[in-house]
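Below, all heavy atoms of this structure are taken into account, side chains as well, without hydrogens, waters or symmetry copies. In what follows, chains carry the letters A, B, and so on, assigned in the order in which the sequence lines appear, proteins first and then strands, with residues in each chain numbered from 1.
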Amino acid sequence: MISEAAAIAEQTRLRQQIITTDQLPDPIQFIAGTDVEYDKESDLIAGCIAVMDYKTLEVVEIATHVMHVTFPYIPGLFSFRELPPLLVAWEKLQQKPDLLVCDGQGMAHPRRFGMASHLGVTIGKPTIGCGKTRLYGNHTELDIRKGSSVPLLAEDDNAVIGKVLRTQEGINPVFVSVGHMISLETATNIVLSLAKQYRLPETTRIADHYGRLALEEYKRNNMTH
DNA sequence: GCGACAG
DNA sequence: ATCTTGTCGC
């Protein structure tokens, strides 16, 4: 396992490759959600990438991979823990999506390189970071209405590193940020459009669901041995 | 030293 | 992340 110092050096090196403008195919056809599930009673984790039709949100393909954790949970180094299973799942995927929505931050990170950016730069695809809670950055009060948002500012230089977005009225907002090859504005619009009925984008909900199933199935197949 | 801290 | 029904509040 690489050291914490090496991981930080890796982030500061790779962050320079992030593209913050839209590099998406014109009509987006396939979008994917990514998530990683953890097992309470073991060190097993399941990575899941759920590819869906962007227009209808029908599930097109599910790719998963179950393995043992290889890196501890350290705020700021989250991607070194969750990327391994996701990269294997990515290789298993037949239908590569046009962009991916990740469950965590993109550039809304102390070194501007959260897991969404790490995944995007690694596989060379557009990614959006959509976290449920804040990791880094300051923001003002947010209107209670659905669709309202305020910028998330970096704690060191006040740069805009993301957007705090209310996807449902009166419900806790989500933290949207650029992962790779997309603008913050486009990322925000897409997340909002994917959260028509629930707080989290549909992509994340589907990936979470199938990741859970994959982990349970793996455990069933290994209990009798 | 104290609090914060994606999943 | 994970453990989880009823319950408090609008």
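Residue A:Gly131 is classed as a sugar-phosphate contact, given heavy-atom separations below 4.0 Å to backbone atoms only. Among the protein residues, A:Asp103 comes within range of the sugar-phosphate backbone only, with heavy atoms under 4.0 Å from sugar or phosphate atoms but none that close to a base. Across all strands shown, A:Leu77 has heavy atoms under 4.0 Å from base atoms, whether or not it also approaches the sugar-phosphate. When heavy atoms are screened at a 4.0 angstrom cut-off, A:Glu41 is found touching no nucleic acid atom at all. When heavy atoms are screened at a 4.0 angstrom cut-off, A:Gly76 is found touching base atoms of the nucleic acid.
Here the P atom of nucleotide B:dA4 and the CD atom of A:Gln105 are 18 Å apart, to the nearest Å. One interatomic measurement links the two molecules: CD1 of A:Ile144 to P of C:dC10, which rounds to 12 Å at whole-angstrom precision. Here the P atom of nucleotide C:dA1 and the CG atom of A:Asp35 are 8 Å apart, to the nearest Å. As rounded to whole Å, 20 Å separates atom C1' of B:dG7 from atom OH of A:Tyr136. Rounding to whole angstrom units, CG of residue A:Asp43 and P of C:dA1 are separated by 18 Å. Regarding A:Leu44, its CG atom lies at a distance of 13 Å from the P atom of C:dT2, rounded to whole Å. Rounded to whole Å, atom P of C:dA1 lies 10 Å from atom CG of A:Leu200. A:Ile128 places its CD1 atom 17 Å from the C1' atom of B:dA6, with the value rounded to the nearest Å.
Of all nucleotides listed (B:dG7, B:dA6, C:dT2), B:dA6 comes nearest to the side chain of A:Leu135. Here the nucleotide nearest the side chain of A:His109, chosen from B:dA6, B:dG7, C:dC3, is B:dA6. Checked against C:dC3, B:dA6, B:dC5, the side chain of A:Arg134 finds its nearest nucleotide in B:dC5.
Regarding contacts with the backbone of B:dG7, a side-chain N or O of A:Lys132 is found under 4.0 angstrom from either OP1 or OP2. For B:dG7, one of the phosphate oxygens OP1 or OP2 lies less than 4.0 angstrom from a side-chain nitrogen or oxygen of A:Thr133. Under 4.0 angstrom from either OP1 or OP2 of B:dA6 there lies no side-chain N or O belonging to A:Arg81.
Atom-to-atom distance recorded for A:Ile45:CD1 and A:Arg81:CZ is 6.5 Å, nearest 0.5 angstrom.
Between A:Lys219 and A:Glu216 there is no salt bridge, since none of the side-chain N atoms of the basic residue sits less than 4.0 Å from a carboxylate O of the acidic one.
Across all non-hydrogen atoms, the minimal contact from A:Val121 to A:Gln17 is CG1-OE1, 3.3 Å.
Side-chain atoms of A:Val176 and A:Ile128, non-hydrogen and from C-beta on, do get closer than 4.5 Å to each other.
Between the side chains of A:Tyr38 and A:Glu82, at least one donor N or O sits under 3.5 Å from an acceptor N or O.
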